[in-house]
Amino acid sequence: MVDINERYFRKVLRGIVEFNMFTDDDRVLIGLSGGKDSLFLLQVMKRLEKELPFFIKLAALTVDLGFQGGSYEEETLLHLKNYCQHLDIPHYFIRTHIAEHAFKGDGRNPCATCSYFRRAVMSKFAQEEGFNKIALGHHVDDAVETFLLNLFYNGKLKTMAPVRFMDRSSITIVRPLIYLRESEIEETLSSMGLKPLRSPCPIAGTTKRSVIKEFLRGDEDLVSNIVGAMRTPEEPLELWPKEPRRHQIWQLFEEFWSK
Ligand code: SF4
């Protein structure tokens with residue numbers, strides 16, 4: 001049933017040990033969209049449940065974003081339920097109207113709104129049902145893409161953290177696949193004969209993230225070098241100092257000219 005390449009599973013173990021993702025009695029809610037990463041994550045979590053030296057409780061949650069003509073039909077839902085049942089993981093399902101909110105107005109950044117509300121729905125459910133962690137299926141390619149998206153479009157050095165505690169909900173987000181490449185997940189799923197669901201989102205494949213994905217495609221060194229740049233460096237960062245405020249610039253001028 002759970003048949004993950006040992007080399008890939010060791011990468012998962014490295015991530016969970018290095019970033020201290022789980023501890024005894026964790027109640028972990030797994031995000032299950034039905035896409036390849038979440039299907040694979042369920043397999044990984046089931047194996048971890050069996051092999052970790054302490055007890056963790058698992059459940060999966062599917063959030064229907066409510067895309068027109070792309071909501072989870074009964075048949076799809078049944079497919080996800082059966083998948084969870086097969087792995088002996090309880091499955092929950094919530095219908096929402098997130099898509100409507102994400103694409104309303106100028107719709108300039110639907111992904112930010114969509115991700116924000118999806119995370120909020122998951123956190124609320126986790127809180128209400130007594131889960132302390134949410135596991136998401138992001139992998140290293142996702143982290144690198146996020147790093148470049150922030151750099152190119154937000155002017156920030158920032159990426160996806162393997163573990164993130166959210167103050168407002170007291171829920172911790174964990175990403176057990178963070179050391180796996182997307183291609184490794186795809187390869188494993190096809191060897192298991194598992195078919196991921198197609199995204200119902202009308203802009204899937206045309207986002208800024210897709211542009212970055214295309215930019216990175218096929219250059220292995222590029223990805224591993226960027227991963228190196230995402231780490232906190234041992235040596236001081238060679239960056240410009242923080243930008244001074246307007247009044248500080250005037251102060252600097254005055255000081256410079258009065259020398
Ligand atoms: S691509 Fe579509 S589903 Fe994904 S975050 Fe953006 S709006 Fe949401």
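Just so you know, ligand 1 is whichever comes first in the structure, and atom 1 is the first atom listed for that ligand. Positions are given from 1, in the same order as the sequence printed here.
- Nearest non-hydrogen protein atom to atom 4 (Fe) of ligand 1 is R118 NH2, 4.2 Å.
- When every heavy atom of T62 is checked against every heavy atom of L32, the shortest pair comes out as OG1-O, 2.8 Å.
- When the side chains of ILVMFWY residues are joined at heavy-atom separations under 4.5 Å, either directly or via intervening members, I89 and V174 end up in a single hydrophobic cluster.
- The environment of F54 atom CZ is dense: over 12 non-hydrogen atoms of other residues, nucleotides or ligands sit within 6.0 angstrom.
- Note that K208 lies outside the cation-pi zone of F152, set by a 6.0 Å cut-off to the ring centre and a 45° limit from the axis.
- At a threshold of 4.5 Å between non-hydrogen side-chain atoms, the residues H91 and L77 count as touching.
- Listed here is the closest heavy atom pair of E49 and K46: OE1-NZ, 2.7 Å.
- The number of protein N, O or S atoms lying under 2.8 Å from atom 6 (Fe) of ligand 1 is 1.
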